[in-house]
Amino acid sequence: MRSAAIYFSMLQAPRGSIHGLANFCWESFRNISCSHVNSSSLKPLASKYGVQGGYRRRWIRRPMTTKTGGRNKTNQAAKPSNLVRKIVDKKVSTSTALNLNKADETSKHQQIQYCGIKQMIAENKDLADLVTFIIYDTETSGLSRKDDRIIEIALQDLAGGENSTFQTLVNPGCYVANSHIHGITSNMVCRRDVPRMEELIPILLQFIKSRQKPGGYVLWGAHNSFAFDLPFLINEFSRCSYEIPPNWLFIDTISLARELMKSGGSNLPSGISLQALREHYKIPLVGSAHRAMSDVRTLSMILQMLTFDLKLTLPNLVTRSFTAFEYVNNKRKKS
């Protein structure tokens, strides 16, 4: 496998019981802010690129790992907890009348189960505790979902802790037409030492499993996710013959910004863009705008403010989320 420009941060936020989404975010953000002061908090793995992707000195090659401090239980991640199994067995029918072959029937039935679980999470605190909240962002070679490719992806687990961030450039195998937006050029990504998406997806899945709580769910949040990041992610998984796991839920934080604008308060942002929200909340820009990790860190701090202003809890956000299966079906109905 080609060596990848991938980073995992070493944040030391404790993994305890945190009450309220704003407090949960604040504990993570405080540690995240500290990590900017010491550049050694980011460990490069087999890469020639710095944290913002510019060509830097050659790094020492190291074996890749997604081991997470205090939670090295990746084999358990796929096993549903007794609580989840009990609720699903009780509230979701185990039979379905889909006129499909057995494999498709099983897959769709699993999707239906996870679609129904969202409301259960909203109503059950024990299930809400099983949610892992990931903020993510992608940069692409252009705006066409059909022809363009993801060229950078960054993730951050809001729980913090060791190895709580993931970042890499991606070799799209095509020309990067919009480098003027994010500063990523074809020469930076169209290289043998930058992984292609089909090589990266197994690593990404491994990282998520290392962060996921046993028997739990993963809530993915991005700004303008439903119009941009999620469709690209779905297309990349499909192109590489992978399915997005049914226990991944997706939320678009731009909808929260719209809610805030409609609230009619006296102190409102000038717009709903990431930049407008950052300026409204007086959040300093760390790194270059329109680079994946910089936007992820900015959104993580904006989310704290948005959820506080809108008085939202984690279960509230889950009810606003969609599985990839739901998202695709909704798009088909509208087209």
Side-chain angles (χ1 to χ4, degrees), residues 21 77-78 80 84-85 87-101 103-124 127-128 130-138 145-146 150 153 155 201 204-205 208-209 211-213 215-259 299 303 307 310 312-335:
L21 185 59
V84 174
R85 192 181 298 118
I87 294 178
V88 169
D89 289 345
K90 185 176 181 181
K91 293 194 176 184
V92 181
S93 173
T94 57
S95 63
T96 177
L98 298 174
N99 187 23
L100 302 165
N101 61 49
D104 287 343
E105 183 176 344
T106 302
S107 177
K108 285 187 176 291
H109 178 57
Q110 191 178 28
Q111 293 280 6
I112 291 170
Q113 284 185 329
Y114 282 110
C115 290
I117 208 73
K118 292 189 302 180
Q119 189 59 37
M120 299 179 202
I121 292 173
E123 298 171 353
N124 189 306
L127 282 179
L130 295 178
V131 176
T132 299
F133 201 165
I134 300 288
I135 298 297
Y136 77 109
D137 186 69
T138 61
R145 301 172 191 172
K146 179 181 178 181
I150 291 175
I153 186 168
L155 293 75
I201 289 176
L204 178 63
L205 292 171
I208 295 299
K209 284 183 179 180
R211 305 302 302 178
Q212 184 178 329
K213 299 164 188 174
Y217 311 88
V218 183
L219 179 62
W220 293 66
H223 206 65
N224 206 27
S225 172
F226 293 161
F228 188 81
D229 302 275
L230 181 54
F232 269 98
L233 197 63
I234 290 173
N235 287 348
E236 292 282 20
F237 267 67
S238 176
R239 185 176 61 82
C240 298
S241 301
Y242 282 89
E243 286 188 4
I244 290 183
N247 63 332
W248 288 9
L249 309 173
F250 295 88
I251 187 170
D252 192 339
T253 56
I254 206 167
S255 63
L256 304 182
R258 290 194 180 104
E259 281 187 48
L299 180 58
L303 180 66
T307 53
L310 294 170
L312 297 176
T313 63
L314 183 57
N316 294 148
L317 296 180
V318 170
T319 59
R320 291 164 163 81
S321 68
F322 294 91
T323 64
F325 177 77
E326 288 177 305
Y327 173 84
V328 171
N329 275 355
N330 290 341
K331 283 293 182 182
R332 285 173 180 168
K333 290 176 184 178
K334 292 178 181 178
S335 60

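Note that the structure is a prediction, hence the values are computed from the model and not measured. Start at 1 with the first residue, then count along the sequence.
Of the possible donor and acceptor atoms, one in the side chain of T323 sits under 3.5 Å from a partner among the backbone N and O of E326. T253 contributes a side-chain N or O that, together with a main-chain N or O of A222, makes up a donor-acceptor pair within less than 3.5 Å. Of the possible polar contacts, one joining the Q212 side chain to the G216 backbone as a donor-acceptor pair under 3.5 Å is found. E259 places no side-chain N or O within 3.5 Å of a backbone atom of L310 that could act as its donor or acceptor partner.
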Evaluate L303 against L256 for side chain to side chain contact (heavy atoms under 4.5 Å, CB included), listing each step before the verdict. CA-CA 9 Å; L303 180 66; L256 304 182; 3.9 Å; yes
Residues L155, I208; criterion side chain to side chain contact (heavy atoms under 4.5 Å, CB included); working and verdict: CA-CA 9 Å; L155 293 75; I208 295 299; 3.6 Å; yes
Going through the checks in order, is the side chain to side chain contact (heavy atoms under 4.5 Å, CB included) test met by Y136 and L230? CA-CA 10 Å; Y136 77 109; L230 181 54; 3.8 Å; yes
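From L317, atom CG reaches atom CG of L312 across 5.5 Å, with rounding to the nearest 0.5 Å. Rounding to the nearest 0.5 Å gives a distance of 11.0 Å between CD1 of I134 and CZ of F250. In this structure, CG on L314 lies 10.0 Å from OG1 on T319, to the nearest 0.5 angstrom. Separating the CD1 atom in I150 from the CZ atom in R239 is a distance of 9.0 Å, to the nearest 0.5 Å. With rounding to the nearest 0.5 angstrom, the CG atom of N316 is 11.5 Å from the OG atom of S321. Atom CD1 of I135 sits about 8.5 Å away from atom CD1 of I251, to the nearest 0.5 Å.
In this structure, the side chains of S225 and L233 stay at 4.5 Å or more apart for every pair of heavy atoms. Under the 4.5 Å side-chain criterion, counting only non-hydrogen atoms from C-beta, F237 is in contact with L204. Using a 4.5 Å cut-off on side-chain heavy atoms (C-beta onward), D137 and L299 make no contact. Between F133 and V318, the closest side-chain pair of non-hydrogen atoms is not below 4.5 Å.
Nearest heavy atoms, G215 versus L130: O-CD1, 3.9 Å. The heavy-atom pair separating A257 from H223 by the smallest distance is CB-CE1, 4.4 Å.
For F226, the ring-ring contact (aromatic ring centres under 6.0 Å, His included) test picks out F322, Y327, with sequence neighbours left out. The side chain to side chain donor-acceptor pair (under 3.5 Å) search around D229 returns T138, not counting sequence neighbours.
The aromatic rings of W248 and W220 lie tilted to each other, with the angle between the two planes from 30° to 60°.
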